[in-house]
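Numbering starts at 1 and runs along the sequence shown. Computed from a predicted model, the values in this text were never measured in an experiment. For the numbers below, each heavy atom of this structure counts, side chains included, while hydrogens, waters and symmetry mates do not.
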Amino acid sequence: MSRFFSDRSRGSSRRHASSSGSSSVIVDTTTTTTSAAATSTSAGTTSITMPVYPIDEIPSPFGDLGLQLSETELRVTAYEILIGSCRSTGSKPLTYISQSERVVDRSPSLSTVTSLHRSLTSTAASKFKKALGLKSSSSAKKRIVGGDESGNQGRAKLGLTVGELIRIQMRISEQIDSRIRRALLRITAGQLGRRIELMVLPLELFQQLKALDFQNNEEHMAWQKRYLKVLEVGLLLHPHMPLEKTDDAPKRFRQIARGAMEKPIDAGRNFDTIQDLRSIVLSLACRSFGESTPGTCHWADGFPLNLRLYQTLLEACFDANDSTSIIEEVDEVLEHVKKTWVVLGMNQMLHNLCFSWVLFNRYVSTGQVESDLLHASKSLLTEVEENIESFKDPIYSRILNTTLSSILVWTERKLLAYRNDFHSDNIECMQSLVSIAVLSSELLENEIDVAYNKIDNYIRSSLRTAFSKKMENVKSSKFSTKNQKSSPHVLSVLAQDVSELAFDEKAMFSPILKEWHPHAAGVAMLTLHSCYGKELKNFISGIDELTPDAIEVLNAADKLEKDLVQIAVRDSVDSEDGGKSIIQEMPPYEAEALIANLVKTWISTRVDRLKEWVGRFLQQEVWNPRANKEHIAPSVVEVLRIVDESFEAFFLLPIPQHSSLLPDLLTGLDKCLQQYILKTKSGCGSRSTYIPALPALTRCSKRSKFGVFKKKEKLQAGQGRSQFGITSANNSLSIPQLCVCINSLHHIRSELEVQERKAVLRLKNLEPHYTDAVRNQVGKWFELSSSLCVEGIRQLCEATGYKVVFHDLSQFLWDGLYIGEVASSRIEPFLQELEKYLETISSTVVHDRVRTRVITDVMKASFDGFLLVLLAGGPSRTFIKEDAELIEEDFKFLTDLFWSNGDGLPADLISKHAGNVKRVLDLFHLDSESLIEQFKYVMMESHSMQAKSRLPLPPTSGLWEPTEPNTLLRVLCYRNDEIAAKFLKKTYNLPKKL
């Protein structure tokens, strides 16, 4: 079992070297006796090799004892206090159990029923570890899966007691343990029932341990020296109460101690010396402030001796085989450790503070790899904060300040450059370390709002340090590649490195620091932005033209700035100001603006030139359908060629922000195309250009072939080329020319879609990360031009239809159809000429959908013209009921022309537009009485009139419907019979003649 007893400094794997000097005899004795005991009980055991960690020392916050006490001496002294405290609180008298009895028989009858002899349960879950979030030690894990064949085999298979576990954890040999227990039994025998706090334990042990209890005189002397040094530290150097200057007890004690350093004091032979020593020690130890328990001895409760001893006891909680883990039996061990409070003057607050320091120190001294230790330390420190009022005592306050200051100095050294020490593998440690640093600062400054400023300082300092390191690395790398022609500029490389640094900061460190600083990522980005901005400012001051280096650096700077701002804004999206305060502290680099101004000038020049060419092309355009096989205008070919060249030249420009400047180019080109489209359709007329004005209403006479006009209508009859006042349009484009205009506008719209697709492809090659955003805008770049094309095609198709029907074929429709007798002026001549125009349109308009649109508008114009002949054809036309059959037959011929035996327009499309005409034609089958009754009914319904009221003249809406009053009235006006004429005369006084 010697592997448990080899001496080791706290928090490290170093071992004390053996020495023959008197000051270290107790170390040698411990090691020697331990090894001997181990040899006798377990021959051939193999020593354990402890892992070696990077050592980082932290000065103890508890201060110097003022007298040399080795770690081993402190450990043995602490063990004595622990054993004495536990035995004095037992329910039965102390009994000595030899080592042989422990090994051979462990029946309850041979051991005291005390907590020290309670058997351990190796698999029991520790409430303490669970509360602090501590992991199970590697040794415990081995025991769970089948037993550890090394140091913990005794615990797993032999059922160690708590006392044996503590002895092993404190590296106390069985021989020393037996010696202490025998001495305690002797003390108890002489002072039965006396509690540990009512005696000075080193004095009692000094008196009870004889030379025969040791292997040699050197060992005996070493123990006596230790007891005297402990008493000097506890009574003289760090007493519970200050010493009185007039008291000579300290002087007398030191005289006895000097003598003992030269020769051991034999209790049997030096009785007087022992009594003097006892008298002096008790006089010093029994001074008090008037405790509730009279006779209490104060020899180990002065600071910092009590804290050093208690620290030694707490370190027994760490696994001997895994220096970063707490043993599973920590609950039982702490239960016994806390029994020393009465001797050491400890309480829960001091326990939490001391244990927090021990855990923190263990984390530091074992290579800073176990975050659980930091988390546990922070948890205990939180309990200290909750009971901070208990530290108002000056001594307590001093201990608290020194401990927290020691912790804070080390943590801030790490956190002011946290990127040097923390990474993805140990990031959990940083979170706990920041918590400890903030909590320590709050306790030290007695304020609760120090966290923000602390974290802000950590972030700025760490990022400045990281930036400087990146800058040095880039410069050194550039120096090594300075002879390479294609090597990028230093600031371009630096921008990339800083961007990577920013994203790494945001992903790894900012989420942790955000707990204390709501703008953690924003402050980090602000710091990096400022650092790089200083370097960029020096570079920009030397730029006077757009060079490759300038483009490269400004591109990199612009990308970096966007990354930094994006991270800062997203980090602050939930804040009150949405991150405005952070962004306001980041003056823009304006890298993009420097390049953008030059590019915008280039775009403006090119667009102005295109505007001049558009005007020149349109002046020369004649809209010749034979100019090319596509039947489009040569001018539109040239305009679109220039647009394509402009795009090509733009994407070849050596600039970084094509996507952001593309709208400027698109806007300029779009305006040029709008100019072309507007001028193209402006001279082509519209529906209103060709539709005739409606004549005034008259009534027909049975004896007269024609009705009579009003005077106003007679004046209008001579103004146009026909009797209905149609405006002259002799200067408008021909039907083939209009078809060329339609083809040209459709070609523009199609080519704009092609240009958009090509632009997306070019942007994808240049700026892949902008592709999605740009693709979402496809169809909107030339939105105004595309809309104007759609509207222009609609207007031109409509104008073409009404020009064919009401202008080019007016002599066959207005001047021929149903003039005089219906039977002698049928629709056939009009259909023959209309078919020729349809053939012209079909051969000239290239695109199927556009061709269908044009012919549909011709059909609609024909239907409108047919109804206008019937309802507003003027006094040259009158109808009788018998004409209805012939009229319907003519309309059937008209619809068949557009259907063309299935080769023309779809039947459902024809039916859709012909339906209303057919419903109006049904009125011509009705007799005059029925028409009059239906007219009266519709008028009263629409005007909410009484049956005997005078009917008002219905207005002309231009929408012919069988239930519309004006439509019914017009059928009556053109009905050539006496009944209709009388009704019109009586109701509206319409004239028969001028």
Side-chain angles (χ1 to χ4, degrees), residues 623-637 639-640 643 670 673-674 676-678 680-682 684-687 690 733-758 778-805 808 834-864 894-915:
W623 311 104
N624 182 6
R626 297 183 181 85
N628 47 59
K629 63 181 181 179
E630 291 85 7
H631 305 299
I632 58 177
S635 60
V636 81
V637 175
V639 169
L640 292 175
V643 170
D670 195 31
L673 291 171
Q674 291 175 48
Y676 182 91
I677 296 166
L678 289 172
T680 297
K681 72 172 187 173
S682 62
C684 298
S686 63
R687 179 179 182 273
Y690 302 103
L733 298 178
S734 66
I735 297 302
Q737 288 177 315
L738 287 174
C739 290
V740 171
C741 292
I742 294 172
N743 288 338
S744 299
L745 295 186
H746 181 267
H747 183 66
I748 290 175
R749 189 171 179 230
S750 301
E751 284 299 308
L752 293 182
E753 295 175 356
V754 173
Q755 288 296 340
E756 287 183 347
R757 290 194 294 269
K758 289 169 66 175
V778 172
K780 299 179 180 179
W781 287 348
F782 292 103
E783 191 170 12
L784 293 178
S785 293
S786 296
S787 298
L788 281 177
C789 283
V790 172
E791 175 60 24
I793 292 172
R794 184 201 65 77
Q795 179 183 330
L796 290 175
C797 289
E798 191 175 67
T800 300
Y802 281 85
K803 176 177 171 56
V804 169
V805 174
D808 293 4
L834 179 60
E835 185 175 11
K836 296 177 184 178
Y837 277 91
L838 292 177
E839 290 175 355
T840 301
I841 292 172
S842 297
S843 61
T844 307
V845 179
V846 179
H847 196 272
D848 293 339
R849 290 180 60 186
V850 179
R851 185 189 310 119
T852 300
R853 176 67 182 270
V854 177
I855 294 176
T856 300
D857 280 335
V858 173
M859 179 184 70
K860 290 166 62 179
S862 300
F863 290 173
D864 285 351
L894 178 61
T895 56
D896 287 345
L897 174 64
F898 289 100
W899 183 60
S900 187
N901 295 321
D903 294 331
L905 296 177
D908 56 347
L909 180 63
I910 297 174
S911 297
K912 175 184 176 182
H913 294 286

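Considering every non-hydrogen atom in both P736 and P625, the closest pair reads CB-CG, 4.0 Å. When all heavy atoms of L733 and C684 are compared, the closest pair comes out as CD1-SG, 3.7 Å. For the residue pair W623 and Q737, the shortest heavy atom distance occurs at O-CG, 3.4 Å. Heavy-atom minimum distance, A627 versus I632: CB-O, 4.5 Å. In terms of heavy atoms, L788 sits closest to L678 at CD2-CD2, 4.0 Å.
Put simply, the side chain of D857 never gets that close to the backbone of G801: no donor and acceptor are under 3.5 Å apart. Looking only at distances, no side-chain donor or acceptor of E751 sits under 3.5 Å from a matching main-chain atom of I748. Side-chain atoms of D670 come within 3.5 Å of backbone N or O of S785 as a donor-acceptor pair. Using a distance-only test at 3.5 Å, with no hydrogens or angles considered, no donor-acceptor pair links the side chain of S744 to the main chain of V636.
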For L752 and L673, what are the C-alpha separation, side-chain angles and deciding distance, and is it a side-chain contact (heavy atoms from CB on, under 4.5 Å)? CA-CA 10 Å; L752 293 182; L673 291 171; 3.4 Å; yes

Using the rule given for side-chain contact (heavy atoms from CB on, under 4.5 Å), can you reason through H747 versus L640, listing the C-alpha separation, both sets of side-chain angles and the distance that settles it, and then say yes or no? CA-CA 9 Å; H747 183 66; L640 292 175; 3.4 Å; yes

Would K681 and E791 count as a side-chain contact (heavy atoms from CB on, under 4.5 Å) here? Give the steps. CA-CA 10 Å; K681 72 172 187 173; E791 175 60 24; 3.9 Å; yes

So H847 and N743, side-chain contact (heavy atoms from CB on, under 4.5 Å) or not? Walk me through it. CA-CA 8 Å; H847 196 272; N743 288 338; 5.8 Å; no

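We find the CZ-NE2 distance between R626 and H631 to be 9.5 Å, quoted to the nearest 0.5 Å. We find the CZ-CD1 distance between R749 and I793 to be 6.5 Å, quoted to the nearest 0.5 Å. With rounding to the nearest 0.5 angstrom, the CD atom of Q755 is 6.5 Å from the CZ atom of F782. Here the straight-line distance linking atom OG of S682 with atom CD of Q795 works out to 9.0 Å at 0.5 Å rounding. Distance check: H913 NE2 to S862 OG gives 12.0 Å after rounding to the nearest 0.5 Å.
Applying the side-chain hydrogen bond (donor to acceptor under 3.5 Å, both in side chains) rule to D864 yields the partners Y802; only residues at least two apart in sequence or on another chain are considered. By the side-chain hydrogen bond (donor to acceptor under 3.5 Å, both in side chains) test, T680 pairs with no residue at all, sequence neighbours left out. Residues forming a side-chain hydrogen bond (donor to acceptor under 3.5 Å, both in side chains) with K912 (at least two apart in sequence, or on another chain): none. Legend: residues meeting salt bridge (Lys or Arg N to Asp or Glu O under 4.0 Å) with D848, ordered by chain and number and at least two apart, are R851. With sequence neighbours excluded, no residue satisfies ring-ring contact (aromatic ring centres under 6.0 Å, His included) with F898.
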Please report, to 0.1 Å, the donor-acceptor pairs under 3.5 Å made by any side chain of residues 837-846, with sequence neighbours excluded.
from: Y837; atom 1: OH; to: D808; atom 2: OD2; distance (Å): 3.4
from: T840; atom 1: OG1; to: K836; atom 2: O; distance (Å): 3.1
from: S842; atom 1: OG; to: L838; atom 2: O; distance (Å): 2.9
from: S843; atom 1: OG; to: E839; atom 2: O; distance (Å): 3.2
from: S843; atom 1: OG; to: T840; atom 2: O; distance (Å): 3.0
from: T844; atom 1: OG1; to: T840; atom 2: O; distance (Å): 2.8

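Side-chain contact between R853 and R794 is present, with at least one heavy-atom pair separated by less than 4.5 Å. The shortest side-chain heavy-atom distance between V850 and L745 does not fall under the 4.5 Å cut-off. Counting heavy atoms from C-beta outward, P906 and I910 have side chains that stay 4.5 Å or more apart. Taking 4.5 Å as the limit, some side-chain heavy atom of F863 sits within range of a side-chain heavy atom of L894. Contact check for D903 versus S900: side-chain heavy atoms found under the 4.5 Å cut-off.
Defined by atom type and a distance below 3.5 Å, a donor-acceptor pair is present between the side-chain atoms of S635 and Y676.
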